[in-house]
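Right, one structure below, let's go through it.
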Protein chains: 2
Amino acid sequence: MSKEHRRSQLQSDLKRHPFLTDEELSERFGVSIQTIRLDRSVLGIPDVRERTRILAERNYASVRAIGHAEIVGELLELELGRSGTSLLNTDDSMAFSKTQLVRSHFIFAQADSLALAVIDSDHAVTGLSNAKFKRPVTAGERLLARAEVIRSRDEDESVVLVETTAGGHKVFRGKFVVAQKAAVEDLRAPV
Amino acid sequence: MSKEHRRSQLQSDLKRHPFLTDEELSERFGVSIQTIRLDRSVLGIPDVRERTRILAERNYASVRAIGHAEIVGELLELELGRSGTSLLNTDDSMAFSKTQLVRSHFIFAQADSLALAVIDSDHAVTGLSNAKFKRPVTAGERLLARAEVIRSRDEDESVVLVETTAGGHKVFRGKFVVAQKAAVEDLRAPV
DNA sequence: TGCGTGTTTAATACTAACTATTAGTATGTG
DNA sequence: CACATACTAATAGTTAGTATTAAACACGCA
């Protein structure tokens, strides 16, 4: 196996298995640890601990941002059953790397979770939505979403209108039909 | 500050700032490193490197799912400009903890990113969407999304229809109007 | 006053997974 | 053969620890 081949292999192996130590790599390629270290230094690849740290740090924030939070964005005000406002600071991790334009599903996620927060039923789910992305959002812009309940048919269906602005300009407008309680049971997956 | 107080403080501090070393902690609490180590061992808290590793590993998979990947879900097949299929394995982290129902914006995200993947322009953004969530999805279900380009007006606007199923049942149907190239320039944020 | 107990600190030896540097071997090519 | 390229070895130093033993210190109280 040539040096070039080993190095490109090393690079792709580490992409798939970033937690491999130099020792494990040296066994994998049948060369000495020193050679692996030389390869890494030439390729500009940091050591395991650094790689692990980077992975952990990079993921720490973004997972909190959309992975686990009950609401995407920060809830600024809330009048249950009537209206609410939330703020989302966009960053690089939410955008396409090439264009720096925020992926629309983050904008949607903020609006959707705000709509559900305004309704506040343990069993509310989005049934229908109409969304218009009026202009692209660039990473770094602060998104202010304002939700208003515009119709509430009895207890099991509400219509929420969400408008999102960035620096005063409208970027998104969506209508969410949210189903609650009993209605959810009907919709639930057939067992 | 009592020992008990310090220990509970330590525990919550490390939850918020998991990357603190024993040395930094000893400064923060004004006690020796040894004391911090004693505290950690009593509380069963592993060292920084271990904590970092756990964070990195835990998030490695899930972040790829929605944080950074260019596409949410796994791309199964793709015929550029025509159609595509993607698969998303849902889990607890995508659902409301109380009901185990997957948040709709994950379903939307899969569909949205698939729609964009099918168009494949470096400068494509979603301009409009119409989404219907036909029935709730429970964490654990596998979502198969199928996208089809149904209209392509010249070079700068396409309409993509996405239908998502789980175990053969339709769960989502959405229409995405995707703007490309020059069209994006017009939409772009006013400087 | 002294004794014990709990809490904290110090000291020492050891570990993994490195970096950085210098030197040495092996192999092939002009 | 000489020389370069690639590889390996050896050594010292680093970080962030573990594990263990021992010493200092405060308090409570008989």
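Note on naming: letters A, B, ... go to the chains in the order of the sequence lines (proteins, then strands), and numbering restarts at 1 for each one. Everything quoted here is computed from the prediction, not taken from an experiment.
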**OP:** Apply ring-ring contact (aromatic ring centres under 6.0 Å, His included) to B:Phe172 and list each qualifying residue two or more places apart in sequence or on a separate chain.
**Re:**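 Once residues adjacent in sequence are excluded, the partners of B:Phe172 under the ring-ring contact (aromatic ring centres under 6.0 Å, His included) criterion are B:Phe133.
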Original post:
Looking at residues at least two apart in the chain, or sitting in another chain, which of them share a ring-ring contact (aromatic ring centres under 6.0 Å, His included) with B:Phe176?
Top reply: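 Partners of B:Phe176 under the ring-ring contact (aromatic ring centres under 6.0 Å, His included) test: B:Phe108.
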Original post:
Is there any salt bridge (Lys or Arg N to Asp or Glu O under 4.0 Å) pair reaching into residues 80-90 of chain A, and which pairs are they, with sequence neighbours excluded?
Top reply: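 Checked against salt bridge (Lys or Arg N to Asp or Glu O under 4.0 Å) - neighbours excluded - the pairs reaching residues 80-90 of chain A are A:Glu79-A:Arg82.
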**OP:** Not counting sequence neighbours, which residues clear salt bridge (charged side-chain N to carboxylate O under 4.0 Å, His left out) with B:Arg28? List them please.
**Re:**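 In terms of salt bridge (charged side-chain N to carboxylate O under 4.0 Å, His left out), with neighbours along the sequence ignored, B:Arg28 is linked to B:Asp13.
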Subject >> Those residues that, when tested against B:Glu50, pass side chain to side chain contact (heavy atoms under 4.5 Å, CB included) (two or more places apart) >> reply: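 So B:Glu50 forms a side chain to side chain contact (heavy atoms under 4.5 Å, CB included) with B:Pro46, B:Asp47, B:Arg53, B:Ile54.
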**OP:** Assign A:Arg6 to base, sugar-phosphate, or nothing according to its heavy-atom contacts below 4.0 angstrom with the strands shown.
**Re:**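 Result for A:Arg6 = sugar-phosphate.
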Original post:
Taking only residues two or more places apart in sequence or in another chain, which ones pass side chain to side chain donor-acceptor pair (under 3.5 Å) with B:Ser104?
Top reply: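 In terms of side chain to side chain donor-acceptor pair (under 3.5 Å), with neighbours along the sequence ignored, B:Ser104 is linked to A:Asp112, A:Thr126.
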Original post:
So where does chain B start and stop touching DNA chain D, 5' to 3', when the test is distance under 4.0 Å to a non-hydrogen atom?
Top reply: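 That gives a stretch of D:dT15 to D:dT18.
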Please report, to 0.1 Å, the donor-acceptor pairs under 3.5 Å made by any side chain of residues 159-166 of chain B, with sequence neighbours excluded.
unit_1   : atom_1 : unit_2   : atom_2 : d
B:Glu163 : OE2    : B:Arg173 : NH1    : 2.6

Original post:
What are the residues of residues 27-49 of chain B, sorted by number, that bring a heavy atom to within less than 4.0 Å of DNA chain D?
Top reply: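 B:Arg37, B:Arg40, B:Asp47, B:Val48, B:Arg49 - these, ordered by number, are the residues of the stretch whose heavy atoms sit under 4.0 Å from the strand.
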Subject >> Shared hydrophobic cluster for A:Phe96 and A:Val102 (ILVMFWY, side-chain gaps under 4.5 Å) >> reply: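 In one cluster with A:Phe96: A:Val102, yes.
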**OP:** Could you tell me the separation between the CZ atom of B:Arg53 and the C1' atom of C:dA17, rounded to a whole number of Å?
**Re:**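 So the two atoms are 14 Å apart, to the nearest Å.
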